[in-house]
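See structure below.
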Amino acid sequence: IQTTGTNEGPRSAGAPVANAGPDQTVLFGQAAQLAGVVNFSNAPPVIQWKAYSGTGTVTFGNAAQTNTTANFSAPGIYTLELSADDGIHAVAFDAVVITVTNVINVSIARTGTNLNVSWIGGSPPYVVQRADALPAGSWNDIVTTSVNSTNIPITNTTGSFRVMGQ
């Protein structure tokens with residue numbers, strides 16, 4: 001027996017059932033792939049995704065489809081709600097929690113006499129910094145950019161690099 005919620009009694013036969021899918025963590029700037037499911041035995045219900053809570057705004061690829069995308073305006077924790085309404089029974093709801101992180105993943109590769117530093121995540125402007133040794137007592141800014149990669153000339157000294165974003 002399915003219920004409409006705590007202490008709200010059983011759902012009547014034929015009522016739609018919503019499942020918003022598993023909770024997720026995505027990098028800021030990348031879309032969450034929503035994989036909702038709605039089961040029904042009567043007329044097809046009206047499907048609707050909406051932002052229930054979060055630190056910014058959410059833009060859905062198609063809020064009327066169970067499987068769609070969601071893009072977020074800021075890092076944070078968002079609760080998205082999937083509903084199914086057949087116009088006869090109580091509306092079925094389920095929620096998914098999406099954690100949007102602002103992590104920057106850096107890759108460094110040698111290309112001739114340069115180091116190619118590239119990254120995903122974060123928000124521009126980006127600052128590429130270098131320290132002579134780790135743990136770093138101080139970091140020196142090398143370049144500020146709005147793109148996700150830069151080339152740095154190789155010197156004869158050792159060092160460590162990091163990328164800082166907004």
Side-chain angles (χ1 to χ4, degrees), residues 16-39 44-84 92-166:
V17 177
N19 180 336
D23 294 347
Q24 301 178 42
T25 299
V26 298
L27 290 175
F28 179 60
Q30 294 182 343
Q33 302 296 318
L34 302 178
V37 175
V38 171
N39 295 316
V46 174
I47 307 294
Q48 185 67 48
W49 281 100
K50 72 175 189 174
Y52 182 78
S53 66
T55 54
T57 59
V58 180
T59 303
F60 294 97
N62 185 339
Q65 292 182 342
T66 54
N67 297 322
T68 190
T69 58
N71 288 285
F72 304 90
S73 65
I77 298 174
Y78 295 79
T79 301
L80 307 181
E81 184 178 76
L82 174 64
S83 65
F93 295 96
D94 193 35
V96 61
V97 175
I98 309 291
T99 303
V100 181
T101 62
N102 206 13
V103 173
I104 297 176
N105 292 318
V106 179
S107 298
I108 299 176
R110 183 177 181 156
T111 308
T113 60
N114 292 317
L115 291 177
N116 177 269
V117 182
S118 59
W119 57 91
I120 60 169
S123 299
Y126 302 102
V127 178
V128 179
Q129 297 177 321
R130 182 182 183 280
D132 291 332
L134 293 177
S138 66
W139 290 91
N140 298 311
D141 293 355
I142 296 174
V143 65
T144 300
T145 181
S146 61
V147 296
N148 293 73
S149 67
T150 190
N151 286 310
I152 301 170
I154 295 175
T155 63
N156 291 332
T157 60
T158 61
S160 299
F161 297 92
R162 73 178 181 185
V163 177
M164 305 290 289
Q166 294 297 309

Could you work out, with side-chain hydrogen bond (donor to acceptor under 3.5 Å, both in side chains) as the rule, every residue matching [X], not counting sequence neighbours?
X	answer
T145	none
N19	none
T25	none
N151	N116

Quick check: closest heavy atoms across [X] and [Y], and the distance to 0.1 Å?
X	Y	answer
I104	M164	CD1-C, 4.1 Å
T57	S73	N-OG, 2.7 Å
A84	I47	CB-CD1, 4.3 Å
T55	G76	OG1-CA, 3.6 Å
T79	A95	CG2-CB, 3.8 Å

How would you list, by chain and number, every residue that makes a side-chain contact (heavy atoms from CB on, under 4.5 Å) with [X], sequence neighbours excluded?
X	answer
A35	N67
T144	P125, V127
I77	V97, T99
N105	L27, V103, I120

Quick note, salt bridge (charged side-chain N to carboxylate O under 4.0 Å, His left out) partners involving residues 118-134, not counting sequence neighbours, are R130-D132

**Request:** Scan for salt bridge (charged side-chain N to carboxylate O under 4.0 Å, His left out) pairs involving residues 66-82, sequence neighbours excluded, and state none if there are none.
**Result:**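 Listed by first then second residue: K50-E81.
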
From the list Y78, F60, F28, ring-ring contact (aromatic ring centres under 6.0 Å, His included) with F72 holds only for Y78

Sorted by chain and residue number, the salt bridge (charged side-chain N to carboxylate O under 4.0 Å, His left out) partners of D23 (sequence neighbours excluded) come out as none

From the list V58, N62, L82, side-chain contact (heavy atoms from CB on, under 4.5 Å) partner of W49 resolves to L82

Residues 123-147 vs ring-ring contact (aromatic ring centres under 6.0 Å, His included), sequence neighbours excluded, gives W119-Y126

Under the criterion side chain to side chain contact (heavy atoms under 4.5 Å, CB included), I'd like the reasoning laid out for F161 against I108: C-alpha separation, chi angles, the key distance, then a yes or no.
CA-CA 9 Å; F161 297 92; I108 299 176; 4.0 Å; yes

